[in-house]
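Report on one structure; see the data block that follows.
Order of the sequence lines fixes the chain letters, A, B, ..., with proteins taken first and strands second; residue numbering starts at 1 for each chain.
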2 protein chains.
Amino acid sequence: MQLVTIKDVAKRAGVAVSTVSRVINRSGYVGEETRRKVQSAMRELNFQPNRIARGLVSRQTSTIGLLIPDVANPFFAELARGVEDAAIARGYSVLLCNSDWNAVREQMYMHLLHGRWVDGIVVVGSRSEVVAIREAADETPMVLVDRRSSDFEWAVWTDNHLGAVMAVRHLLEIGCRDIIHLAGPADSPSAQERRRGYEDAMRAAGFAPISLEGDFRYASGFSLISELIAAGRTLDAIFAGNDLMAIGAIQAATRMGVDVPRDLAIVGYDNIPSAHYVSPSLTTIEQPAYEMGKTSFELLYELLTNEELDYQQPIKFEPKLIVRESSHRPI
Amino acid sequence: MQLVTIKDVAKRAGVAVSTVSRVINRSGYVGEETRRKVQSAMRELNFQPNRIARGLVSRQTSTIGLLIPDVANPFFAELARGVEDAAIARGYSVLLCNSDWNAVREQMYMHLLHGRWVDGIVVVGSRSEVVAIREAADETPMVLVDRRSSDFEWAVWTDNHLGAVMAVRHLLEIGCRDIIHLAGPADSPSAQERRRGYEDAMRAAGFAPISLEGDFRYASGFSLISELIAAGRTLDAIFAGNDLMAIGAIQAATRMGVDVPRDLAIVGYDNIPSAHYVSPSLTTIEQPAYEMGKTSFELLYELLTNEELDYQQPIKFEPKLIVRESSHRPI
DNA sequence: ACGAAATAGGGAAACGTTTTCATCCTCTTG
DNA sequence: CAAGAGGATGAAAACGTTTCCCTATTTCGT
C-alpha cells in the first residue's frame, strides 16, 4: 500500500485539495453535496490526514511532552495516566520522558521536546531551576506540577509544607516524641518543602528536628533505617518524604526486630497503592495523583487554546491524612 | 524569539541550505573549512533542526509508539522504562499509549500512531487479534511483547505456560492439593497461556483444575477470594495470574482470618516490586520487565535500520520461580 | 432591480527540511 | 595533454498539509 494523500482524495472526489482540507477541518464554506462526496472519497480510500505535514504548516503537533522523574514510581505512573487520559480526550498525544531525577537529562529532554515542536510540556517535580527549564524549552508553554516557583508560572501543586505538618502533628498526637525525618533529595523542591514542614512542626512542638537524606527510593529508606537501628539509635517515629522510603523503613524495622507500630510509628507521603497493602498498612499523606495529572493537562490545554487567558493562580490540591496501621498506637 | 531555521544558518555561514543540511547529516561532501563555518553559525544561532520538517521529507520521525495496557501497573511501568531508556539511547522518542485493556482503544491508538507516522510500535500484551492490529497500523513495523502469535511476527516473550507449570509444581511440592487459579481476563493471550499451564500441571498431577476469572487488578483478587472464603469453600493454595491479584488474595484471606501461608499458600506472577514487601512476602514467577522492554525496543530498532534483516525467532526470556513467605510451609 | 454580502470553490504559496541534479573545480592517469 | 574521476557546492524539487487570495455564483435588503 502507498500512502493515501489529500490529493488522492481530491482527485477521487473531483475537487481541489483545498476543498478537501476544508472538509477535514470544518473550516470555510463547503457545500453540502461536495462535503458528502469528499467524505465518501475519504472513507473509500481509508484516508487519514498526515499529522506531520499538518504540523509543519499549522505549527501545531497535537503532542505534549510529559517530563517526570520515573514512571516506575507508582505516584508518577498514576499521574501519567491522568495526563494521558485527559490528553487523548482532547486529541493530544503524550511523549514520555523519564528524567531519572537527573537535572542534566531533564534539560536534554527539554531541548529535544522543543525540537519536536511539542505544543506544551507538563513538568513534574523538576530538579532544575525554573529558569534553566525555560531556557531549554524556549517559549514552549509549560505547566509545573508539584513544583512551586517564585516566578510567574502555571502550576498544579499540593501544599507539601502543610502535608508534612499534618503528618508530624498526627505523630505527636499519638504520643511520639522522637520523630526522625527521612527526607527526599536536597534538590527536589517538594522534598524540601516537606522537610521544612517537618522542621517547623517539630520546633513548634518544642522538639529538635533530625533529618536523614534519602533519594525517594525503597532501597534508601531500607538502608538508612537499618543503619540507624543497628547503630543503636532509639526513636519512636519516622516521617518519610514518600511512601517508597516509608515502606523501606517498615521492612528494615521489622527485619531488625522493631515492632511497627508499637515501638516505632511510621508515616509516609503520596498514598501509593501499595501503602494500603503493605503490612502493617501505611499511614500516609494522600496526594490525588491521577487528578493532578488530569488537571495539569487541562490547564495546559487552556493555555494552548485560550488566547486571551490571564495568569492564573496555581491550582492547589489539599493533602489529606490517611491513618492506617503503621501509626496505630493504643494510648 | 522566532524560529531559527536552516536558512538563517545558511545565510550566516554564507553557504546554501543544502550545504548546511549536509553538515547536519554528515552526508555527501563538505569541505573542512565550510563545515567549521557552518558549525559555528549553528552554534551562534542556537540552531536546532526541526524534526517535523525533517520527518516530512525523510519519512522518518524518530518516534515510536508504546502501546501498553496500563502504566499504573508496576510490571508495565518497569517495562516502559526499559523501552524508553533503550529508545533515547538511539535518539528515538516514545509516545505513550494506555489501552486500558480495551481492544477498541487499542485499535484507536494503532490508527492514531499510524497517522503520526511513528517509525514503529511496541505492542505489549495486546488483547486484539494480531490481524486487527496489523490492519489498524497498516505497514508500521511492530514488535509484540508477551504475546505469541501463530503469525509471522517479531516478538519478545516469556514462556507463560512454563511459568504457570513451575508455579503449580512448586505448590504441589510443598504439599498443596486443592489449588485454585485466579485467572486473568479471557481475552488476554498471556492470561490464557498461564491458565492452560495451570490446567495442564494440575491434570498431570491428577487433580481437577478450577479457575476463577479476574481482571488482573488488585480489587478483583480481593473480592473473588473474599467471596470464595465467605462461601465456605475450602482450598489450600491459590495460583494467581499476576501479582496484583495475588496481593489482593493475600489481603482478602488475611482479613477473613485465614493464615497465609499456613492455611493457604499463594503464588503470583510478574514479581513486581511490592511482591517483595507485601506481608507475607509473595512467592511469584519473575518476568524481567525492564530487560524485556529494552530488548523489545532493540529488536524494533534492528527491524527499522537493518534492511536485509531476516525473520527471526521470537526472543524468549525464562520465567523464574522466586520463593518467598507466602508459600513457606513447614513440612 | 441593483449592489453588497454570503456562499462555494480553485490555485498556489507557504512550512523547514532532505535529496536529486547540475555545475564547476582540481587532480590523476595513461 | 586530454579524459575522466573525485570533491565541493548551489538550485530547485520534493514531502502532505493548511491557508491566503482569487473568482464565481447565489441570496438578500432596500
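The shortest side-chain heavy-atom distance between B/V104 and B/M108 does not fall under the 4.5 Å cut-off.
One finds a salt bridge joining A/D70 and B/R81 here, because a Lys/Arg side-chain nitrogen approaches an Asp/Glu carboxylate oxygen to under 4.0 Å. Ionic pairing of B/R36 and B/E32 is present here: one or more N-O contacts between side-chain nitrogen and carboxylate oxygen are shorter than 4.0 angstrom.
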* Structure fact -> Quick tally for nucleotides 4-15 of chain C: nucleotides whose base has a protein heavy atom under 4.0 Å get B, sugar-phosphate-only ones S, the rest -, giving ---BBBBBB--B
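A straight line from CG of B/N25 to C1' of C/dT20 spans 15 Å, rounded to a whole angstrom. Across the protein-nucleic acid pair, A/I52 atom CD1 and D/dG16 atom C1' stand 10 Å apart, rounded to whole Å. Look at CZ on A/R26: it is 18 Å from C1' on D/dT19, rounded to the nearest Å. Between the CD1 atom of B/I6 and the P atom of D/dA12 there is a distance of 17 Å, rounded to whole Å. The nearest whole Å value for the distance from the CE atom in B/M42 to the P atom in C/dG16 is 17 Å. Distance B/F47 CZ to C/dG16 C1': 8 Å, rounded to the nearest Å.
For the residue pair A/R116 and B/T63, a side-chain donor N or O sits within less than 3.5 Å of a side-chain acceptor on the partner.
Here A/E302 contributes atom CD and A/T295 contributes atom OG1; the two are 12.0 Å apart, rounded to the nearest 0.5 Å. Put simply, CG on A/D119 and CG on A/L113 are 11.5 Å apart, with the number rounded to the nearest 0.5 Å. One distance of note links CG of B/N25 with CZ of B/R54; it measures 5.5 Å at 0.5 Å rounding.
Between B/R54 and the phosphate of C/dT18, there is a side-chain N or O to OP1/OP2 separation shorter than 4.0 Å. Not one side-chain nitrogen or oxygen of B/S21 sits closer than 4.0 Å to the OP1 or OP2 atom of C/dT17.
Each end of the helix from C/dA1-D/dT30 to C/dG30-D/dC1 gets its own axis from five base pairs, and the two axes differ in direction by 30°, given to 10 degrees.
Other residues, nucleotides and ligands contribute at most 12 non-hydrogen atoms within 6.0 Å of the NZ atom of A/K11. Within 6.0 Å of the NZ atom in B/K294, the count of heavy atoms belonging to other residues, nucleotides or ligands does not exceed 12.
B/Q60 comes within 4.0 angstrom of nothing in the nucleic acid, heavy atoms only.
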